[in-house]
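One-based numbering along the sequence shown. Computed from heavy atoms alone, side chains included, the values below leave out hydrogens, waters and symmetry copies.
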Amino acid sequence: MSITQEQVTNALMNDNTIKTNVQVVANTYLNISFDRLTKKLSLLNSLVNQKLFRYFRKYPDKRVAFICNHERVENNTHSHIILKVPPEYDVLNVLILMNKYFKKLDDRTNAKFQIYYDLNVNSEYKTTRYSTKKSNDDTFVVI
C-alpha cells in the first residue's frame, strides 16, 4: 500500500517541530544529478548542525533535519525543503546559516547557489502540498 500525498501532508503538519509554515527552496542553477544535490544538502545539513550544536551526532533530538523533495527544471536542479527544527533554535537563524553555507558549497567562481525562503506563508497546508508535489522514491529524501 502506498502513502498518498494527503497522508504525507497530514503527518508533517501534526509534528510541531516540523516548520510547515516556512517555504524553503535550495536552488543550484545547474543541471546536476539528484544524488549530487543530496550530497550537497547533506553537507549543508552537517555544517548548519555543527554551527548550532557541535555534539549534534550524539543528541539527535537537537538536530535540524531537512525533508527534501528534489525537482529538475531546465538549468536548475533544486530541492523544496521542509525543516524540522528543535524548539531551542530560532528558525530565522537556521535559514540564515543555510544560505551562508550553501553559497560556499558552490564550486563556481561566481557562486550562484541560493536558498530562497518565505516565513510569511498563509497556509501550512498549501506549503506542505507544494513542497511534496511530484514526490516519489527518487526525489524524496530525509537528511
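In summary, Lys84 and Asp61 do not engage in a salt bridge, as defined by a charged side-chain N under 4.0 Å from a carboxylate O. Using a cutoff of 4.0 Å between basic side-chain nitrogens and carboxylate oxygens, Asp35 and Lys40 are not scored as salt-bridged.
Listed for the Ser42 side chain is no donor-acceptor partner under 3.5 Å among the backbone atoms of Thr38. When atom types are taken as modelled, the side chain of Asp106 and the backbone of Arg108 share a donor-acceptor pair closer than 3.5 angstrom.
Considering CD1 of Ile32 and OG1 of Thr77, their distance stands at 5.5 Å, rounded to 0.5 Å. Annotation: the span from Phe56 atom CZ to Lys51 atom NZ amounts to 13.5 Å, rounded to 0.5 Å. Here the CG-CZ distance, from Leu30 to Arg72, works out to 11.5 Å after rounding to the nearest 0.5 Å. Separating the CD atom in Gln23 from the OH atom in Tyr117 is a distance of 13.5 Å, to the nearest 0.5 Å.
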With side chain to side chain contact (heavy atoms under 4.5 Å, CB included) as the test, would you mind laying out the steps for Leu105 and Leu47 before giving the verdict? CA-CA 10 Å; Leu105 296 178; Leu47 291 169; 4.1 Å; yes
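Looking at heavy atoms from C-beta onward, Phe53 lies in side-chain contact with Lys62 at the 4.5 angstrom threshold.
No hydrogens or angles considered: nothing links the side chains of His78 and Thr28 as a donor-acceptor pair under 3.5 Å. Side-chain contact of Asn49 with Arg57: a donor-acceptor pair under 3.5 Å is absent, judged by distance alone.
In the hydrophobic clustering of ILVMFWY residues, with side-chain heavy atoms under 4.5 Å counting as a link, Leu83 and Tyr59 come out together. Under the 4.5 Å side-chain heavy-atom criterion for Ile, Leu, Val, Met, Phe, Trp and Tyr, Leu44 and Tyr29 are members of distinct hydrophobic clusters.
Partner Ser79 forms a side chain to side chain contact (heavy atoms under 4.5 Å, CB included) with one of Asn27, Leu41, Asn69 and no other, that one being Leu41. Among Val64, Asp90, Val85, the one residue that satisfies the side chain to side chain contact (heavy atoms under 4.5 Å, CB included) test with Leu52 is Val64.
The shortest heavy-atom contact between Asn45 and Ala65 is ND2-CA, 3.9 Å. Nearest heavy atoms, Lys103 versus Phe113: CG-O, 3.3 Å.
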Let me have the donor-acceptor pairs involving side chains of residues 94-102, under 3.5 Å, with sequence neighbours excluded, atom names and distances please.
{"residue": "Asn99", "atom": "OD1", "partner": "Ile115", "partner atom": "N", "Å": "3.2"}

